[in-house]
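Everything below concerns the one structure shown next.
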Amino acid sequence: MRKGIGNVWIILMMVSSNGVSAIENGTNKRTAAFINGNFVFGALFPLHHQPSSKKNHLASLGIKCGHIRELYGIQRVEATFQTLDEINSDSDLLPNITLGVEIRDECWYAPVALQQTIELIRDSIMPASAPKNCYLRKEEESEEGGKGPLIGILGPGASSVALQVQNLLQLFHIPQIGYSTTSRDLSDKSRFNYFLRVVPSDYYQAQVMLDVVRYFGWSYVSVVNTDENYGQSGIQAFRELAEEAGVCIAQEDSVLSNAADEVFDKVALNLRQDPNAVVVVCFCEGLTVRGLLKATKRLNMTNYFLFIGSDGWADRNDVTQSYEEQALGGLSIRIHSPYVESFDKYYWSLRPETNVRNPWFKEFWEAKFRCVLNSNWKQSSVKIEKNLTSTPYSEAGTFCTGQESLKENYKQDPKLSFVIKAIYALAHGLHDMVLDVCGEGVMCPKVSPFNGSMLKNYLMNVSFEFNAETFQFDENGDPPGKYDIMNYQKLQNGHFEYVEVGSWYNRSLSWTKTPQFPSIRGRKIVRSVCAEECSQGYYKNVQQGGKDKTCCWVCVPCPSGEILSKHHEGCEPCPKGYAPSINKTVCQLLQIEFVQWHDRSAILAMAISIAGLLSTSITTATFIRFNNTPIVKSSTKELCYLILAGMTLAHASIFAMLAKPATFSCTISRFLPGVAFAMIYSALLTKTNRIARILAGSKKKFPTRRKLLLMSAAAQVMMALLLISVEITIGGAMLYFQPPRVAYSYLVDKTLMECEISLEAIVVPLSCDFLLILLCTLYAVKTRNVPENFNEAKFIGFAMYTTCVIWIAFVPIYFRGGAKAITMCLCVTLSALVTWIFLFVPKLYIILFKPEKNNRAFFTTAKIRCHIGAKVASAVSDKYSTNSWRESSVSITNTDPDRSVKDVPKRTLSCQTGLDLLEFLLHPKRLIGDFTTPKSEPLAVKIIEKDCYCNDPNCPMKHITIFLPGKH
């Protein structure tokens, strides 16, 4: 390290030699203010504007800086003097120790700042035995025997300049405290270990600017930065935060503060390329902002952009002077700095004839009041060198009157409190260090030579009260962030002014006033977005157009049943049982519905069911009342009662199906309809099977006298019960293997609660019933030609045909429709009702309205039509025949006398009658013998023969009517 310092010492000696040479030649010397003390700190202030880029010189001593500055320059020098006086007079802070200062002008320009920094530190590295005339100019020697040691440096003002100065200072372990340098790079202690600051990092400032942009909904902005470290690091922080927050950058550019006008024009034209980006975020120094304002005025682009500036703009009037209309409505960030009330009175009391500590005060006075001072002012112990600046006001020729006042157009430097805070931080750090090393505020040899590294450690842990707040550094040497939001407004009196409208502290943005914006591009409301927000139910289909263009999209509607995703970048379906809200932002729980008693469809089903229950009840009561009448007996009343019971169960099961789905109701609704149908159709199948067997026996060519099996009523009932037991077994097995439970059916606009019934749970139990229906239908078709007075088989057929139609329609409606419970209810009750109509209504009609027909003769004897061929008649009339018709008083006449019996064509016997008549025709002698009456009574059998009405005049057929006795 000593070797490195030695190399730097040689360089500094060469620079100092050149400087001494220049001083001796009387040219290119710069002004410096010096107040000696036990310890001295340096201060670099931009007392003059930076030189124009067109006037730069290779040697820093040959550079001419710009005009004198009151803000950022003179006021900071005077605040330093005032603060130094307060510290030296404070008995508690640095007692018995005098603090001195050496102030130099850095012109906000790196070459000048580096040269002035070298001047500050060259005495601190001078060996004790070195010749004094090599390092210490004669006019800078103090009567006490020399300058106090340099303990630290305040400044410079610009971040880019401070970076270069820090690279030099940390070689000599000299602490540096920034009062306006905000670059976040300076927080990196691995690179800038000896740098601390009393202003927050630009990282916080970037967050403030982003929060302002997001607050107003400006998601598409352009950015510009000063092309040096302050602007580069700040805009990089903003870019990173904007990407995380979803704010897109349309156009971006960078420019030097002292660039030519043509460069600023190109920047403005580049920003105009994207018409949607109205807001321009400018992380710039004040002169960069001013250059942009000038460019917009030259290009006639006033009120074309709305600028948001960093603290480089803050509330500086020199930025907006002559370009107020172009800056109108702009928002700028100002680091929160309390107003220094005590400074105003001190500053206003300064006069050029008495203020001899400030070597730039005369130049400032002449520039501010545009007059020339008398050159006979005496100088005090403040060492003044000839100022190498240009001041045009000295050529005005007007002498100052002495009545001028600094209150005129006065405005306090917004960063003045930071300068004061930096000085106090240095003083408190030195105080703690001396107290630990030497004791109660007493100077001791232990502090010599001065250890800058030790002071830096004390500075990192310093803590003191300042303006009712506790100040301290964090681990990066930074303070917490606190900012003011300024809005450049036009007041009612026509003047333009910065108005504080909000603040930002501890990551929280708050507004105290409503910012005022002009009409930008003809719009009263400032909108800086690439695409407007989508309407309700539309999502953003991002149109990728390059880097950071995710804020540009087209709006696409969400499909039915889907809601917008979290970031409105797509749609996602709602889970089952949920439906999108009106704006399609959330999924709302659908109302759970089930069949209610008051639903129209339920009322219809219950009405039919109640009608069915009433009809079966009336039918059952009527049959019981007329239980021994022929019409009831001829219908196999046991099976009829079984059918009526099945109908009652079918109609009653409707109420279980319409009840709120539960385990019990689901069990009844699955089990009862199948059993009810089994009771109905097993009885019908038994009846149609009996009729079919009787009819089949009557059609045999050689009928036998063997009695048919299972023809009794008890046998018929047992057969029906056997079939019913099969259905009960199947239904119970399905309930065991697939227990009933409640299920939910999810529709678009509602959720249906219903019994969970699988395909197997429906098909398997009802398959047995369908088989019974099919067999009944087949037997109904088979027995369609029974005698006309035995027409129950025909009505059974009609009932089966209608039932088949109902259940064929049931399948697609049930499995494709939504109201499955209602569909099942209607099918069940209609099937039972149709069966009742065709089977029992004709019987009820006869019983109640045609009682004269309710007799045995109507059901067991009938008027029949027999077609007997001639050959059959010949056989019947044979004298050897035991079943001769002649013996029964039956006369048969051959209608064709010219034809013999043998010539008559063979005919078949076709009769329509009941079982008794069929038996009589097959065995006439036996049946007629049964009807033989005593001799006192005449034979009741009567046979009447008539000619048939045929188209053929030689028709060989006769119409024979036979009346049997005793059963009328």
Distance (rounded to the nearest 0.5 Å) between [X] [atom1] and [Y] [atom2]:
X    : Y    : atom1 : atom2 : value
L293 : T320 : CG    : OG1   : 8.0 Å
H431 : D92  : NE2   : CG    : 8.0 Å
R104 : L120 : CZ    : CG    : 5.5 Å
I97  : I87  : CD1   : CD1   : 12.0 Å
R351 : W365 : CZ    : CH2   : 4.0 Å
T83  : L426 : OG1   : CG    : 12.0 Å

task: Starting from the C-alpha separation in whole Å, work towards a yes-or-no answer on side-chain contact (heavy atoms from CB on, under 4.5 Å) for V462 and Y424.
output: CA-CA 10 Å; V462 77; Y424 269 101; over 6 Å; no
Do [X] and [Y] come close enough that some side-chain heavy atom pair is under 4.5 Å?
X    : Y    : result
K421 : P479 : no
S503 : H336 : no
Q207 : Y483 : no
R316 : P414 : no
I151 : L99  : yes
S201 : R184 : yes
L416 : S337 : no
S332 : Y498 : yes

message: Does the structure place the NZ or CZ of K294 under 6.0 Å from the centre of the six-membered ring of F264, at an angle of no more than 45° from the ring's axis?
response: no
message: Let's go through Y323 and Y488 carefully: what are the C-alpha distance in whole Å and the side-chain angles of both, what is the deciding distance for ring pair (Phe, Tyr, Trp, His ring centres under 6.0 Å) to 0.1 Å, and is it a yes or a no?
response: CA-CA 12 Å; Y323 306 102; Y488 196 65; over 10 Å; no
Smallest separation among heavy atoms of [X] and [Y], with atom names:
X    : Y    : answer
Q205 : S310 : OE1-CB, 3.0 Å
S183 : S159 : N-OG, 3.1 Å
L154 : I423 : CD2-CG1, 3.4 Å
E285 : A158 : OE2-CB, 4.1 Å
I103 : W360 : O-CH2, 3.5 Å
Q176 : A162 : NE2-O, 3.7 Å

Cut-off 3.5 Å, side chains only: do [X] and [Y] have a donor facing an acceptor?
X    : Y    : answer
Q326 : T296 : no
D344 : Y339 : yes
E78  : Y346 : yes
N229 : S160 : no
T226 : T288 : yes
E106 : Q116 : no

Can you tell me if [X] uses its side chain to pair, donor with acceptor, with the backbone of [Y] under 3.5 Å?
X    : Y    : value
D311 : I335 : no
E324 : F496 : no
Q489 : L491 : no
E70  : K411 : no
R197 : T181 : yes
Y72  : G157 : no
N487 : Q516 : yes
N467 : E469 : no

Look at the rings of [X] and [Y] and say which category their plane angle falls in: under 30° parallel, 30 to 60° tilted, over 60° perpendicular.
X    : Y    : result
Y410 : Y347 : tilted
Y204 : W504 : tilted
F473 : F471 : perpendicular

task: Walk me through it: do Q412 and F343 pass the test side-chain contact (heavy atoms from CB on, under 4.5 Å)?
output: CA-CA 9 Å; Q412 190 178 111; F343 177 76; 4.2 Å; yes
field: V112 vs V161, side-chain contact (heavy atoms from CB on, under 4.5 Å): CA-CA, chis, key distance, verdict
entry: CA-CA 10 Å; V112 176; V161 180; over 6 Å; no
- prompt: Which one of N476, D478, D202 satisfies the side chain to side chain donor-acceptor pair (under 3.5 Å) criterion with S187?
  reply: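 Filter result, single survivor: D478.
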Salt-bridged, [X] to [Y], with N to O below 4.0 Å?
X    : Y    : value
R290 : D318 : no
R334 : E500 : yes
E404 : K368 : no

message: Within a 6.0 Å radius of atom OH on Y505, are there more than 12 heavy atoms belonging to other residues, nucleotides or ligands?
response: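 Result for OH/Y505: open.
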Distance flag, aromatic centroids of F45 and Y179, threshold under 6.0 Å: yes
query: Who passes side chain to side chain contact (heavy atoms under 4.5 Å, CB included) against K345, sequence neighbours left out?
result: none
query: Between H428 and F466, is a side-chain contact (heavy atoms from CB on, under 4.5 Å) present by the stated rule, with each step listed?
result: CA-CA 12 Å; H428 278 280; F466 185 81; over 6 Å; no
